[in-house]
Amino acid sequence: MSKLLVAYDGSDLSKKALEEAMHQHHDGAQMEVHIIKVVSPDGPYSNPGLYHSIESSLVEKSEEELQMMKEELQEKYENITVHTEALTGDPGNSISEYGKAHDIDMIVIGSRGLGNIKGWFLGSVSHRVVQQADCQVMIVK
């Protein structure tokens, strides 16, 4: 059984990454798909209580969205087990650590261009995942 991790943030590229991951199920064999969304409140929050309240709200909304995706995928595809989780923290690190902790065979993630030198061709998150992952990484453009 193959284990895929899809990094999902709601962007068009993350939707394409999810589609590409599902294309890996071409032979109908058992497949385990982990879909994670890493959330982090934007902005300078000096009040820790406010920050954690916003973070909790983002996690809750993300978990609801991921649960709906899980149900749709399990109805559409046979022999697929879907796991979803909303995480907090640095996206690149969180994705890589999740992959290691769950013995993932391949991470599927969208690319995005940035203006900095390090992430010129790859977004900073996908660049970090490529550098830190212990498994194959498929970058979808």
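We use all heavy atoms of the structure for the numbers below, so side chains are in, but hydrogens, waters and symmetry mates are not. The first residue in the sequence is number 1, and the count goes up from there.
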As an exercise, state the distance from [atom1] of [X] to [atom2] of [Y], rounded to the nearest 0.5 Å.
X    : Y    : atom1 : atom2 : answer
N79  : E32  : CG    : CD    : 13.0 Å
S96  : D134 : OG    : CG    : 8.5 Å
I139 : E20  : CD1   : CD    : 13.0 Å

Closest approach of [X] and [Y], non-hydrogen atoms and distance?
X    : Y    : result
G110 : A17  : N-CB, 4.0 Å
S40  : G89  : CB-O, 4.2 Å
V33  : I80  : CG2-CG2, 4.1 Å
V140 : V108 : CG2-CG1, 3.8 Å
L5   : I95  : CD2-O, 3.6 Å
A7   : S14  : O-CB, 3.7 Å

Less than 4.5 Å apart, side chain to side chain, heavy atoms only: is that true for [X] and [Y]?
X    : Y    : answer
V137 : I109 : yes
M69  : L18  : yes
L4   : M31  : yes
H127 : V125 : no
Y98  : E85  : yes

Exercise. Decide yes or no on side-chain contact (heavy atoms from CB on, under 4.5 Å) for V6 and I36, but give the supporting numbers first.
Key: CA-CA 6 Å; V6 178; I36 63 169; over 6 Å; no

Exercise. Evaluate the criterion side-chain contact (heavy atoms from CB on, under 4.5 Å) for residue pair M106 and Q24; output intermediate values, then yes/no.
Key: CA-CA 10 Å; M106 180 172 32; Q24 301 300 311; 4.0 Å; yes

Side chains of [X] and [Y], donor plus acceptor under 3.5 Å:
X    : Y    : answer
Q67  : E63  : no
S2   : Q30  : no
D105 : Q136 : no

Is there a donor-acceptor pair closer than 3.5 Å between any side-chain N or O of [X] and the backbone N or O of [Y]?
X    : Y    : value
S62  : K37  : no
K100 : Q132 : yes
S57  : S53  : no

Quiz item: Linking I/L/V/M/F/W/Y whenever their side-chain heavy atoms sit closer than 4.5 Å, directly or via other members, would V39 and M68 fall into one cluster?
Solution: no

Quiz item: In terms of hydrophobic clustering (I, L, V, M, F, W, Y; side-chain heavy atoms under 4.5 Å; direct or indirect links), are I35 and L13 co-clustered?
Solution: no

Exercise. Dump the intermediate steps for side-chain contact (heavy atoms from CB on, under 4.5 Å) on L73 and M22, then the final yes or no.
Key: CA-CA 9 Å; L73 291 171; M22 300 318 293; 4.2 Å; yes

Practice problem: Taking atom NZ of K16 as the centre, report whether more than 12 heavy atoms of other residues, nucleotides or ligands fall under 6.0 Å from it. | Solution: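 No, not enclosed.
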
Quiz item: Using the ring of each side chain (for Trp, its six-membered ring), is H102 parallel, tilted or perpendicular to H34, with breaks at 30° and 60°?
Solution: tilted

